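Letters A, B, ... mirror the listed sequences (proteins, then strands); counts begin at 1. The structure displayed is predicted, hence computed values, not measured ones.
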Amino acid sequence: MYIYNELDKQLVRERVAQFRGQTLRFLQGDLSEQAFLPLRLQNGLYIQRHAPMLRVAVPYGMLSSRQLRKLAQISRDYDKGYCHITTRQNIQFNWPQLEDIPALLQELAEVDMHAIQTSGNCIRNVTSDPFAGVAVDEVIDPRPYCEIVRQWSTLHPEFAFLPRKFKIAISGSCADRAAIKFHDIGLQLVRRGEGENSENGFCVYVGGGLGRTPIAAPVVRDFLPERDLLSYLCAILRVYNQLGRRDNKYKARIKILVRAASVEDFAKQVEAEWQRCKEHYPTLSSEEISAAKAFFSAPNYSVVSAEATTVAAVERELQIVAEDLLAPSQHSFRQWLERNTGDHKVPGYRTVTLSLKPTGVAAGDITDQQLLAVADLADRYSFGEVRTTQQQNIVLADVRASDLLGLWLAAQQHGFSSANIGTLTDITCCPGGDYCSLANAKSIPVADAIQRRFDDMDYNYDLGDLSLKISGCMNACAHHNISHIGILGVDKKGREFYQVMLGGSSGDVSEASVGKVLGPAFSADEIPDVLQKLLDVYVDKRHEGERFIESYNRLGMTPFKSAVYPAKVTAAATVRKAEGVGV
Amino acid sequence: MTVLVKVSDSISVSSHRDNDPVVVDLERWASDREQLLLTEWELGLRVAADTDIAALANNLSLCALIEIEFDAFTDGRGFSLAAQLRQLGFRGELRAVGTILVDQLYYLQRCGFDGFELPGGTNSELITEALQVFSHQYQTV
């Protein structure tokens, strides 16, 4: 992973000193609340329901074991012994004291971490594929480009006071595990040409987003040579900074600007600005790109096999051990292999996802002891590195197949071994009304009720790949509107209700879609029953091997709708009939 | 009362603005341009932060000063306008006026501003610190 040099460290120290001064001036009354607000937001500090919340940047989700240990200590010393992994791969502390924040930031700086631009109307942390560098379907490793964009966007003087927040995601695979079409800018790495003459570049999507106006981003440029990346980003940001709406917070994202005109017009504006600013911008040299790539070279893999290591191969290899050691729990280990490990481009290795979704724990929450345990597992089994995911889990990207059994046994001890990755109970969930002051409704108790109701894992395995995401408000932090089944908390006259959406998807750039509302909202208690009815329709009508989203795409909304609402319609009709009102 | 901060080889903070050019707005510039150019005066233009660069591009060599006015410190349009003016080759003084925070001086300077109008009584030490808060930068431009 990227290693900070002295200049990187110096900048973070200077930012901590700057923020220390700003906090002091605020506490002394020399800086107004109104002026401090954007300054603290640009350093990841929100004032929430119970306490300040500090969001720490995890650039494109990569963490070292050393950083994990520091986060454990900070959770213990400044918080209540846990922290939270967000849907943008960052880490949040929910209970620090405002006056302690400068000291907390100084501790983070010791391990090259910070909260720079994790909030506010500026360029936020760059996100990417948690399987970058190891995915079998990867064309180009996105991480070096993520790092180039991270540096360029960090403390960028021109784009710190944009109309609204700005998020960039980069992917280098066929499948899109970074939801790039739902970002302000999505960059898809592509290779043009063959052999010697081939050239790396980006397909550039602009103006995607979730929130109250979910939109899949259109393509603004289908090939941008990699050397021109930064000048082109500058042109997009400059057009947005100057022309994006500032009169209405809800219409201020770049997606509204792109849609206000046509994509063609927006692309022309960017092109004109690009032609102006390009000559002042040095292009990225191949040396700079190679230097960035050098930080992400393959770790020292042992050569163990010539063929890709599939689940079946691991099972064959482990057969004897498994039978001896695991007779009673062999089934669980199999399911874990199937759900929580993934193919790796290097034979003999697999990826492992540690589930942070056991029943009874808020999605993405992790204790100080668990952080230490992850650090130890990373050191022992995965070259000392981990990645956080948009689904709020943790990935060990480079695990030897022969270590999987040992890792599974260790993961069990620390509560990471729920074999539910990609299933119904791997729920992505924002902190919601329990923590967040923006929320209209709680989300954690709804997720908990669902996990408790659907506790038969064999049933969940039979349902197969299914994404379920719950957001406590329109801001859609849990990405509910690109989930197969999405749940949105809404407020109706002071009471919490939940709207259900179906058919969202972000796994593949060509199939990215926004979910549609099923119908009128439900109370929290009704949600597990509603979910059961939806799943019954799927189980009843699915074709052999068809995933939930595929059945939905084939069947449409109607069968799901009539399974959930007929009782109400009939009941209402009966009442009206009894009252002598025509139907 | 305001103070004027100027940054060249050194930082100066003063409450006077002797030798300031005669500053006009774009409307006056459009109507009286020829007459203004006949005078001996050094000329300055005051423009709003949302001014289109195209409206200024042909006047750059005629101005010794361009003041960009910020209506709100959270309105970042002036940062981009300044960067565009410098990229187009404007060599005169570029001054940020209106509502700006001392905490923004470093970024403003990086975008090409070399003059800043701040509320009277702003602590000079704070100004100097703010202008030098970072020792280097990632961006080449």
So which residue, [options], ends up with the most heavy-atom pairs under 4.5 Å with chain A?
options                       : value
B:S135, B:C111, B:G112        : B:S135
B:Q84, B:Q137, B:R110, B:Q109 : B:Q84
B:A83, B:A49, B:A130          : B:A83
B:Y106, B:F73, B:Y138, B:F79  : B:Y138

[X] with [Y]: basic N within carboxylate O range, under 4.0 Å:
X      : Y      : value
A:R150 : A:E147 : yes
B:R46  : B:E69  : yes
A:E271 : A:R221 : yes
A:D184 : A:K255 : no
A:E273 : A:R276 : yes
B:R86  : B:D114 : yes

At a 4.5 Å cut-off on heavy atoms, which part of [X] comes close to chain B: side chain, backbone, both, or neither?
X      : answer
A:L11  : both
A:R13  : neither
A:N121 : neither
A:E279 : neither
A:C234 : neither
A:L230 : neither
A:R238 : both

Exercise. Okay, side chain of A:Q42, backbone of A:L39: is any donor-acceptor separation there less than 3.5 Å?
Worked result: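 No; zero donor-acceptor contacts below 3.5 Å.
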Exercise. Between A:L243 and A:L257, what is the shortest heavy-atom contact and its length?
Worked result: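 Answer, listing the atom of A:L243 first, then A:L257: O-CD1, 3.7 Å.
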Exercise. Where is the tightest heavy-atom contact between A:R55 and A:Y46, given as atom of each residue plus distance?
Worked result: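 Nearest pair, atom of A:R55 first, then A:Y46: NH1-OH, 3.1 Å.
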Chain A contact via [X] - side chain, backbone, both or neither, heavy atoms under 4.5 Å:
X      : answer
B:T74  : both
B:D103 : both
B:E129 : neither
B:L108 : neither
B:D75  : both

Exercise. Do B:T2 and B:R17 have side-chain N/O donor and acceptor atoms under 3.5 Å apart?
Worked result: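 Yes, B:R17 and B:T2 have a side-chain donor paired with an acceptor closer than 3.5 Å.
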Exercise. Between A:P38, A:P163, A:A160, A:A17, which has the largest tally of heavy atom pairs under 4.5 Å with chain B?
Worked result: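 Looking at each option in turn, the highest pair count goes to A:P38.
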For this session: Return the option, out of A:R246, A:Q18, A:Q22, with the maximum number of heavy-atom pairs under 4.5 Å with chain B.
Result: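 Most heavy-atom pairs under 4.5 Å with chain B: A:R246.
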Exercise. Do the non-hydrogen side-chain atoms of A:N125 and A:P59 ever get within less than 4.5 Å of each other?
Worked result: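 Yes; the side chains approach each other to less than 4.5 Å.
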